[in-house]
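Residues take their numbers from the sequence shown, with the count starting at 1.
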Amino acid sequence: MKVILLAAGLSKRMGTNKLVRPVHDTCLLEIAIRTALSYTDRLAVVTGYEREKTAFFAARYNAEEIFNPDYELGQESSLRRALLSCEEDIIVLPADLPFITKEDYLTAETMLKGYEAARPLYDGQPGHPVALAESLVRKYRSESRT
């Protein structure tokens with residue numbers, strides 16, 4: 001299953017690109033990439049704001065880069081760009097969630113079996129990661145062409 005990390009955002013509330021700010025000896029984006037790669041070798045990073053910085057980490061780990069030129073329109077535009085580039089089951093999540101684990105990915109994959117989408121809930125609140133079946137991705141792609 002392919003993992004899509006959404007890393008195109010402006011980090012408006014932070015005032016600086018939080019994904020590439022130092023965290024101990026690394027950064028949030030690198031943590032997210034390493035964790036995703038502990039689950040799968042099929043990884044894509046959606047870039048946008050400060051593309052050169054986020055694309056650097058995608059390239060360092062041989063992840064596919066999906067550039068979202070419309071990143072200022074928000075996370076939905078990055079998700080749309082990702083869906084247009086995929087033709088398989090995917091797990092998608094923002095790249096600023098450093099506590100996501102390999103087990104979270106495995107759970108999302110298991111939850112998807114027999115459904116078109118799966119999303120965890122905690123105390124009634126939707127969470128991450130979100131798993132989307134190939135059938136739903138294909139449906140989105142075909143509707144976007146019309």
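- With salt bridges taken as basic N to acidic carboxylate O contacts below 4.0 Å, none links K2 and D89.
- Put simply, the side chain of Y39 reaches to within 4.5 Å of the side chain of M1, judged on heavy atoms.
- A117 meets the side chain to side chain contact (heavy atoms under 4.5 Å, CB included) test with L132, L136; sequence neighbours excluded.
- Criterion: ILVMFWY side-chain heavy atoms under 4.5 Å apart, direct or through other members. Under it, L19 and L97 are part of a common hydrophobic cluster.
- Listed for the T35 side chain is no donor-acceptor partner under 3.5 Å among the backbone atoms of A32.
- Y115 and L106 end up in different hydrophobic clusters when Ile, Leu, Val, Met, Phe, Trp and Tyr side chains are linked at under 4.5 Å.
- Using a 4.5 Å cut-off on side-chain heavy atoms (C-beta onward), P120 and T107 make no contact.
- The shortest non-hydrogen separation linking I66 to S85 is CD1-OG, 3.0 Å.
- Under a hydrophobic-cluster definition in which Ile, Leu, Val, Met, Phe, Trp and Tyr are linked whenever side-chain heavy atoms come within less than 4.5 Å, directly or via other members, V46 and V130 are assigned to the same cluster.
- Side-chain contact check for V92 versus L6: some heavy-atom pair is nearer than 4.5 Å.
- Considering only heavy atoms from C-beta on, T54 comes within 4.5 Å of L29 through its side chain.
- Relative orientation of the Y49 and Y71 rings is tilted, given thresholds of 30° and 60° on the angle between their planes.
- Two residues are said to be in side-chain contact when any heavy atoms from C-beta on lie closer than 4.5 Å; C27 and F57 meet this criterion.
- Taking each heavy atom of K18 and D96 in turn, the nearest pair found is NZ-OD2, 2.8 Å.
- When each of I100, L93, I33, I90 is checked for a side chain to side chain contact (heavy atoms under 4.5 Å, CB included) with V3, only L93 meets the rule.
- In this structure, the separation between CD1 on I91 and CD1 on I4 is 10.0 Å, given to the nearest 0.5 Å.
- Under the 4.0 Å criterion applied to side-chain N and carboxylate O atoms, E87 and R138 are not assigned as salt-bridge partners.
- With contacts defined as side-chain heavy-atom distances shorter than 4.5 Å, the pair C86/R141 does not qualify.
- Residue pairs meeting the salt bridge (Lys or Arg N to Asp or Glu O under 4.0 Å) criterion with at least one member in residues 104-118, sequence neighbours excluded: E116-K139.
- We find the CG-CD distance between L5 and E64 to be 11.5 Å, quoted to the nearest 0.5 Å.
- The distance from the OG atom of S144 to the CG atom of L83 is 8.0 Å, given to the nearest 0.5 Å.
- Residues T47 and N68 have side chains not in contact (no heavy-atom distance under 4.5 Å, counting atoms from C-beta outward).
- Residue pairs satisfying the salt bridge (Lys or Arg N to Asp or Glu O under 4.0 Å) criterion with at least one member in residues 32-57, sequence neighbours excluded, are listed as follows: E30-R34, R42-E88, E50-K53, R51-E65.
- Across all non-hydrogen atoms, the minimal contact from A7 to A95 is CB-CB, 4.0 Å.
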message: Between L37 and Y61, does the side chain to side chain contact (heavy atoms under 4.5 Å, CB included) criterion hold? Intermediate values first, please.
response: CA-CA 9 Å; L37 289 173; Y61 290 93; 3.7 Å; yes
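- Looking only at side-chain heavy atoms (C-beta outward), R81 and D70 come within less than 4.5 Å of each other.
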